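Below is one structure, written out as structure tokens; the observations come after it.
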There are 2 protein chains.
Amino acid sequence: MEGYEKLEKARERIIETIAQNIHLYGLVPSAGRQYGMMFFQNEPLTLDDMTEKLGMSKTSMSTSVRALSDLKLVERAWKKGVRKDLYKVSDDWYQSFIDLFSIKWRRSVTLHLVAIKKSLAELEQLLADPTTSEELQEEVQIDIEKLKYIKNYYEWLERLVDVFEDQKIFDLVPIMNDSDNNLKD
Amino acid sequence: MEGYEKLEKARERIIETIAQNIHLYGLVPSAGRQYGMMFFQNEPLTLDDMTEKLGMSKTSMSTSVRALSDLKLVERAWKKGVRKDLYKVSDDWYQSFIDLFSIKWRRSVTLHLVAIKKSLAELEQLLADPTTSEELQEEVQIDIEKLKYIKNYYEWLERLVDVFEDQKIFDLVPIMNDSDNNLKD
DNA sequence: TAGTTTGTACAGTAAAAACTGTATAAAAAA
DNA sequence: TTTTTTATACAGTTTTTACTGTACAAACTA
């Protein structure tokens, strides 16, 4: 096998692994392939570059690069003289992981807490209502306990997201470079 | 509005929020609804119970309860005299979150590390090969640096999963119950 | 043993999501 | 200004995924 072929094969293996695991980011394999391809390019790419490299429509490239951008997996780049939009993969993967948390889980936590607080308030009121039968009161009381439990859980999750966001997680799980090796020069 | 109706509405809000966020677990809304419904039942349910409660086919209930079980969000239960399989939601949500990590991310990390090590070995070999042109050598060297970087990243992620799995995460982000409140009695 | 009951495999259908091509708006160049 | 370039909105198509009903195997009952 020829040298460039070997290089290409080594890259393809990584790209395909990314594609098959990107569902953890809520993205589909083709977006992962796009990300993986960009990872091995040493220059930012335009939508037309991606269309050519991946053999997919420009519309697809546009929508999936936006999905990747929303999760901060890729970012806009600039190069003088180039009018087209340019994109490159964010080179701090630790930060990308943290961003996933911030963006996806934070949002989920917030939605849950809003719902829980609202339902909890309604149930407390129902419990206090003198027209509520004793039988219903018991059921309501059980639900209130359940909601208090999951409220605590989501508050914990919120603090967990905080810990990622403010980088404290690196105190507990430090970054260790087995060689002095870093993409960011 | 009648009391039981109010209770039902308060529950529905929570169930629907779960359904809309369960994609973070890689599951579809209907599985989330199933989980949410089970959460408010104080007894384990059979597949037929679920069919009735959700108005969906037994086959669906079977496949989605299996998906929920695989992520350890629900578990088998037993009740004497009941021949049918019984399921209940796992009542430790903190553990469920940890299990998500263990199951989904651990697997992903492993797959990535296997691929990276393989590609890295191939590229090191290519670099050492005297028939490799200088131009190709340079490209290979760049890729090796990239792969070393992401190898470090996935090893970090692996340690992160460890920290969840062995509960050390609770040292950094402790569980705080604002009242002394716990589902597990 | 035969007769039920129960869970799931499988094939088919319905619904949803991914992807494409065209049309168009916004921005840049002339 | 008009012309050209670029990204994306949108409608239509293809592909994938979710869901259903039937059929059957395994487990239980009598």
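Computed from a predicted model, the values in this text were never measured in an experiment. Scope of the values below: all heavy atoms of this structure, side chains included, with no hydrogens, waters or symmetry mates. Per chain, numbering begins at 1; letters A, B, ... match sequence-line order.
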Suppose the criterion is ring-ring contact (aromatic ring centres under 6.0 Å, His included): which pairs have a residue in residues 106-143 of chain B, not counting sequence neighbours? B/His112-B/Tyr154
Between B/Glu12 and B/Arg33, is there a side-chain N and carboxylate O pair less than 4.0 Å apart? no
When rounded to whole Å, the CG to P distance for the pair A/Asp49 and D/dA7 reads 10 Å
Is it the case that one hydrophobic cluster holds both A/Ile15 and B/Leu111, taking links as side-chain heavy atoms less than 4.5 Å apart, direct or via other members? no
Round to the nearest Å and state the distance from B/Gln34 atom CD to D/dA18 atom P. 14 Å
Need the bend value for the helix from C/dT1-D/dA30 to C/dA30-D/dT1: angle between end axes, 5 pairs each end, nearest 10°. 20°
What is the distance, rounded to the nearest whole Å, between atom CG of A/Asp85 and atom C1' of C/dA27? 11 Å
Any side-chain to backbone donor/acceptor pair from B/Trp105 onto B/Leu157? Under 3.5 Å, distance only. no
Are more than 12 heavy atoms from other residues, nucleotides or ligands located less than 6.0 Å from atom NZ of A/Lys104? yes
B/Tyr4/A/Glu135 under side-chain hydrogen bond (donor to acceptor under 3.5 Å, both in side chains): CA gap, chis, key distance, verdict: CA-CA 10 Å; B/Tyr4 278 97; A/Glu135 185 202 5; 3.2 Å; yes
Output the rounded distance in Å from CG (B/Leu47) to P (C/dT5). 16 Å
Quick test of your reading of the model: are A/Glu139 and B/Arg11 salt-bridged, counting only N-O distances below 4.0 Å? yes
Would you call B/Lys118 and B/Glu122 a salt bridge, taking side-chain N to carboxylate O under 4.0 Å as the test? no
Measure the distance from NZ on A/Lys84 to C1' on D/dT8 and round it to the nearest whole Å. 15 Å
May I ask you to establish whether B/Arg76 and B/Tyr87 are in a cation-pi arrangement, using a distance under 6.0 Å from NZ or CZ to the six-membered ring centre and at most 45° from the ring axis? yes
Round to the nearest Å and state the distance from A/Leu27 atom CG to C/dA17 atom P. 15 Å
Starting at the 5' end of nucleotides 19-30 of chain D, put B wherever the base has a protein heavy atom under 4.0 Å, S where only the sugar-phosphate does, and a dash everywhere else. SBBB-----SS-
Atom-to-atom span, OH of A/Tyr87 to C1' of D/dT6 - whole angstrom: 11 Å
Atom CZ of A/Arg66 and atom P of D/dC10: how far apart are they, to the nearest Å? 12 Å
